[in-house]
Amino acid sequence: MSHDTKLIVVVRNPVTRAISDYTQTLSKKPDIPTFEELAFRNRSLGLVDTSWNAIRIGMYILHLENWLQYFRLSQMHFVSGERLITDPAGEMGRVQDFLGLKRIITDKHFYFNRTKGFPCLKKPESSSQPRCLGKSKGRTHVQIEQEVIEQLQEFYRPFNIKFYETVGQDFRVVFRTLLVFFATNVTTPPGHPMQFA
Ligand SMILES: Nc1ncnc2c1ncn2[C@@H]1O[C@H](COP(=O)(O)OS(=O)(=O)O)[C@@H](OP(=O)(O)O)[C@H]1O
């Protein structure tokens, strides 16, 4: 593979990711089994079903180890899905640096839309409307029992730790942030640096 290839990988708390994945599938196929039924081979024994894609995708280290057979770590940039919400300009700044681009996209390009509950793009110096992502992005997640969330957090912990060590970046704090953000149903992410509309 070319050494000039650059990969941008967005990661978020794998439990939140799995719930998001399930919410999306459920919206298209309302008859699927419950999240809990799909996530565990045996829930009381805590046996997680790693063959379910929604679970497997969040085992980031497995995918990273595979990619590292073909690409160097320096060719990859990891974006925090949580910070993409709480500080999109900061996250985009790092993406532009990684790509060797001038920082064109800055905090001037974002505002926090209370209705959407997410950052949206401003249309600078033009008459067109601001642009939020579509309805399928940032929708309300299916409610999952706290105990199930904790079981899955426990399951992912060793995979996460190995992932942080390999990448050399600790996503622990941001992986925690979003769960609190969703659990409390706050419409404004904590410490939000953006303007409000
Ligand atoms: N600005 C903004 N607006 C809306 N949504 C935002 C934004 N930034 C990040 N996100 C998060 O992006 C998640 C959807 O991205 P995905 O990568 O899951 O999309 S895809 O469906 O796989 O293409 C989506 O996940 P869900 O919350 O589960 O819908 C959001 O949390």
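Values below: every heavy atom of this structure, side chains too, minus hydrogens, waters and symmetry copies. Just follow the structure's listing: the first ligand is 1, and inside any ligand the first atom is 1.
- At a 3.5 angstrom cut-off on N or O pairs, K116 does not count as close to ligand 1.
- Distances shorter than 4.0 angstrom occur between a heavy atom of H141 and an atom of ligand 1.
- Taking the charged nitrogens against the carboxylate oxygens, E82 and R12 have no contact shorter than 4.0 Å, which rules out a salt bridge.
- The ligand atoms of ligand 1 that sit less than 4.0 angstrom from a heavy atom of Q24 are 21 (O).
- Residues E37 and T34 bring a donor and an acceptor atom of their side chains to less than 3.5 Å of each other.
- On a distance-only criterion, G138 and ligand 1 share at least one N/O pair closer than 3.5 Å.
- Applying the side-chain hydrogen bond (donor to acceptor under 3.5 Å, both in side chains) test to E145 and every residue at least two apart in sequence or in another chain returns R43.
- Every atom of ligand 1 is numbered from 1 in the order shown, and the set under 4.0 Å from a heavy atom of R139 is 29 (O).
- For the 3.5 Å distance criterion, the side chains of D21 and T23 fail to qualify, holding no donor opposite an acceptor.
- Of the inter-residue distances, the one linking F171 atom CZ with F78 atom CZ reads 7.0 Å to the nearest 0.5 angstrom.
- Across the listed options P88, P119, G134, S20, P119 owns the non-hydrogen atom lying nearest to atom 1 (N) of ligand 1.
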